**Student:** 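This is the structure I want to talk about, given as structure tokens.
The chains referred to below are lettered A, B, ... by the order of the sequence lines, with proteins before strands, and numbering in each begins at 1. Note that the coordinates shown come from a computational prediction; the quantities given were computed from them, not determined experimentally.
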Protein chains: 4
Amino acid sequence: MSTGGAGEPSRTGRPRDETIDAAVLTAALDALAADGYGGLSLVAVARAAGTSKPALYRRWPTKQRLVLAALEHQVQAVEPPDTSCTMCDLAECLGLFVTAFEAMPPGVLAPLLADGQDGEDLREEFMTRLFDPPRDAVRLTLARARDRGDLRLDVDLGLTVDLLASFVCYRAMFGHAPTTPREIEAAVETILQGIAADYPALLARAQGEPVEVGPHELHAAHAPTR
Amino acid sequence: MSTGGAGEPSRTGRPRDETIDAAVLTAALDALAADGYGGLSLVAVARAAGTSKPALYRRWPTKQRLVLAALEHQVQAVEPPDTSCTMCDLAECLGLFVTAFEAMPPGVLAPLLADGQDGEDLREEFMTRLFDPPRDAVRLTLARARDRGDLRLDVDLGLTVDLLASFVCYRAMFGHAPTTPREIEAAVETILQGIAADYPALLARAQGEPVEVGPHELHAAHAPTR
Amino acid sequence: MSTGGAGEPSRTGRPRDETIDAAVLTAALDALAADGYGGLSLVAVARAAGTSKPALYRRWPTKQRLVLAALEHQVQAVEPPDTSCTMCDLAECLGLFVTAFEAMPPGVLAPLLADGQDGEDLREEFMTRLFDPPRDAVRLTLARARDRGDLRLDVDLGLTVDLLASFVCYRAMFGHAPTTPREIEAAVETILQGIAADYPALLARAQGEPVEVGPHELHAAHAPTR
Amino acid sequence: MSTGGAGEPSRTGRPRDETIDAAVLTAALDALAADGYGGLSLVAVARAAGTSKPALYRRWPTKQRLVLAALEHQVQAVEPPDTSCTMCDLAECLGLFVTAFEAMPPGVLAPLLADGQDGEDLREEFMTRLFDPPRDAVRLTLARARDRGDLRLDVDLGLTVDLLASFVCYRAMFGHAPTTPREIEAAVETILQGIAADYPALLARAQGEPVEVGPHELHAAHAPTR
DNA sequence: CGATAAGCGAGACGGTACGTCAAGTCTTATA
DNA sequence: TATAAGACTTGACGTACCGTCTCGCTTATCG
């Protein structure tokens, strides 16, 4: 499962120094945070990690793979909550999504994907390793909501996931400021109104069983509509 | 108007050759489409445009500015429709938005914005010149809808615009496939359900006054479920 | 005789601005003194002279010709003395030669001659305008000395002139320090001993009719031989 | 010895390819001979040598250093003869000096020294590596002559060396034609007459023990006149 | 237990693009 | 027609990074 480093280390000969993997990934993250994807120099990363260029290329075939591994190195799993309060779950799940993306250095994801030299394989790998987990968490949360009857049956789950995920990414890419919990909740409310079987009931349930993610501000916006 | 090129051409001396501006921008677009942002070589662009590097740097101070000008060179204005059918207007407006972004070579926007070397000024310029026009068209369409009473009064217009715009950008950046009219309509419907004062009325109006953008498929999905 | 500027100004149309010639030559000399031949930028010269590049090229076909004209602009004629004291005349004449060359900015002559692009014509022009005058002064001085019987009849005047001139140039090119009068005199004495019909007589005459150029140090070196 | 290239190659890492040094220096000499110093393009040299620009800059920090190394690469050591015939030795030694300088492509030395960008260090290096060896050979020859009593005791050896060296350089720089052995001998005779303790004796010795460097023409000029 | 295979740091290798600068020519509007 | 201004093409400059390679050395495992 050790996704990160080893291309395919040989069984014989001197074994790889495992500490180098971590040192390089950390150094790469620092460099990415400092100079962005375009300004990333592999020789600088190697020096900062106390190693050399060939050691990098022994582990990752291209610059892109190294960056991908570095990003993967720092994300933590998104564990979708399941409190049976659809609105709360969705807000929290999306919050985790946002957190995962905002933890990455800004201005790295997009150039990485667009670098082209590594073609579709890289995009696929990126999706599998970085993007799908939080996305699947959102999808799972939505599926649970549908299964318990909170959503209309004709709702296109894929489209809804895209709507939510795109909002997160939009901010991560163009956003001047980070996405606040307040904004997340507002987005969730708007989307839910569009897909809920009985939105007022969901809202009532959320007010009755407030989640820890700022339940008070959560409903302030729509309170007058009640 | 001050479209693409001239940084600030002097009033005296030999005037700039206007044909060079266009030739360079066209060549740059071709090169971007062929090799992506990272693979863009200014000397290659200059050669393809039948001119030289200094002529480029005389017009655009950095690679980013040139690319920005090239992108701006090919987008056409988004004229928001106003047929008083909220759903139709919104779908068409968003379709224009998508078209504008999909006309750009893929994998250019993101690295351009993330290149960093030009800092915040570039992001601002990008927003002003490329992003805001279609965005404002959507906002205007939404504002018209609200003014004619189609939307709830407490709707956050900014948030809604972001939700729609982010969906477009998401596809333009991560999208494997282009965004189809069908997807646009589905997204519009979902969002509208979340913000409409009386969604069934909007839907009925759209069905009574079908727009040219595939009105039949448009409502097929949800109409039967009602 | 106006050697400097005008390539061949037309008789009709707007007449050339004569002040530009002088301004350019002066600016060129300043620039040469500051940055040497290799660091000379014509556009910088034009700006410093308050004019433009085309105005320069209208007057001098190449960079080399401009430099040549600039050097010529500042040299003054070498008037060979004729006091019938061979040693004094020669020393003074050579001193004028040295002065003429040391007045020129260092490190300009040689690169100018070696620039090649202007071929033999430039070398010829250089010789005619800059080098031959002081050289001819030395040759004249030597010829006068021979005519009055101070030199052996078989002396090769051309060779002797070259020996003396080369010493001057050597210092102007490789010399770390300027050539002092003392060194000039020592060189003259050595050469004279090699070509004089009766060196002791010349020496005695120089001592009897001391020239203003430091007569005391002049003979100090050889005094013990007396 | 430390001939041409390596600035200061590190002891660790991949060692430099020695063949590149030679290939570059040879290519540089060819280019210098073809286009002169001013027309020397480092990228052209690199291409001609089958290598790349960075490989050049790794070895020589500036264009000047490369040219200096190239010149040094082709000069051979000047071994001063010691036949106890002062006149013969001096003539041969000076002939070697001339040969060494005329082997260099014309019009390179002077612009190299005048390029300025490398300052005094370059001039010093040039002196040490190229100029001093033949110069010291002449000085040694003169010192031997003095030690065996052939020269007057008050002769300034430094000045004499300068007189002879300057004659060589003068021709190498301004010379239209190469310096012939005949001219060398004439110059030696003239100078020797100025510094010999007993010139007729030296001349007689040279005639009695003729050297291989054209002894017959050597004295033809002056012998009859006596 | 010694050979061998692969790891290691270091850095040179050929390429390629960068952004700048100068040369010499041209094209304006103005005088 | 000359002028000032400046845009034009060409091409070298010196630097930086890429991904590969070669070195001398160290460290395991296998024979």
**Student:** Confirm from the modelled atom types if B:Arg14 and E:dC26 form a donor-acceptor pair under 3.5 Å, side chain to base only.
**Tutor:** yes
**Student:** D:Lys63 side chain to D:Leu40 main-chain N or O, any donor-acceptor pair under 3.5 Å?
**Tutor:**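 Here the side-chain-to-backbone pair exists.
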**Student:** Without swapping roles, check the side chain of B:Arg59 against the backbone of B:Pro54 for a donor-acceptor pair under 3.5 Å.
**Tutor:** no
**Student:** Round to the nearest Å and state the distance from D:Ile20 atom CD1 to E:dG15 atom P.
**Tutor:** 10 Å
**Student:** Could you identify which residues of residues 44-55 of chain D place a heavy atom less than 4.0 Å from some atom of DNA chain F, listed by residue number, or say none?
**Tutor:**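 Of all residues in residues 44-55 of chain D, the ones placing a heavy atom under 4.0 Å from DNA chain F are D:Lys53, D:Pro54.
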**Student:** Find the distance C:Asp17:CG to E:dA31:C1' and express it as a whole number of Å.
**Tutor:** 12 Å
**Student:** Would you indicate which nucleotide in F:dC13, F:dG6, E:dA6 comes nearest to any side-chain atom of D:Leu42?
**Tutor:**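 So the nucleotide nearest the side chain must be F:dC13.
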**Student:** Would you kindly compare C:Val43 and B:Val43 by the position of their nearest DNA chain E nucleotide and give the one closer to the 5′ end?
**Tutor:** B:Val43
**Student:** Of the options F:dA2, E:dA12, E:dG11, whose atoms approach the side-chain atoms of D:Thr12 most closely?
**Tutor:** E:dG11
**Student:** For the residue pair B:Ala31 and B:Val45, what are the closest heavy atoms and their distance?
**Tutor:** CB-CG2, 4.1 Å
**Student:** Rounded to whole angstroms, how far apart are CD on D:Gln64 and P on F:dA12?
**Tutor:**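 Whole-Å distance recorded here is 17 Å.
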**Student:** Of the options F:dG19, E:dG19, E:dA6, whose atoms approach the side-chain atoms of A:Lys63 most closely?
**Tutor:**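 Out of F:dG19, E:dG19, E:dA6, the nucleotide with an atom closest to A:Lys63's side chain is F:dG19.
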**Student:** Mind checking A:Leu56 for me? I need base, sugar-phosphate or nothing, with any heavy atom below 4.0 Å counting as a touch.
**Tutor:** nothing
**Student:** Please figure out whether A:Pro15 or D:Pro15 has its closest DNA chain F nucleotide nearer the 5' end.
**Tutor:**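 The residue closer to the strand's 5' end, by nearest nucleotide, is D:Pro15.
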**Student:** Indicate whether OP1 or OP2 belonging to F:dT9 is found under 4.0 Å from a side-chain N or O atom of B:Arg58.
**Tutor:** no
**Student:** So do A:Trp60 and A:Leu42 actually touch side chain to side chain, heavy atoms under 4.5 Å?
**Tutor:**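 A side-chain contact under 4.5 Å is absent here.
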**Student:** Taking CG from B:Leu66 and P from E:dA17, how many angstroms apart are they, rounded to a whole number?
**Tutor:**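 Rounded to whole Å, this separation is 15 Å.
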**Student:** Could you tell me whether the side chain of D:Ile20 reaches within less than 4.5 Å of the side chain of D:Leu56, counting heavy atoms only?
**Tutor:** no
**Student:** F:dG11 P sits how many Å from D:Leu40 CG, rounded?
**Tutor:** 16 Å
**Student:** Measure OH/B:Tyr57 against P/F:dC13 and give the value in whole Å, please.
**Tutor:**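 Computing the B:Tyr57:OH to F:dC13:P distance gives 18 Å.
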**Student:** Take the protein atom CD of A:Glu18 and the nucleotide atom C1' of E:dA6, then report the distance between them rounded to whole Å.
**Tutor:**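 Computing the A:Glu18:CD to E:dA6:C1' distance gives 15 Å.
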**Student:** Any heavy-atom pair between the side chains of D:Leu112 and D:Leu122 that's under 4.5 Å?
**Tutor:**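 Sidechains of D:Leu112 and D:Leu122: in contact.
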**Student:** Figure out the CZ/P separation between B:Arg65 and E:dG19, and round it to whole Å.
**Tutor:**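 It works out to 14 Å between those atoms.
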**Student:** Are the side chains of D:Gln74 and D:Thr26 in touch, meaning some heavy atoms are under 4.5 Å apart?
**Tutor:**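 With C-beta onward as the side chain, the pair stays apart.
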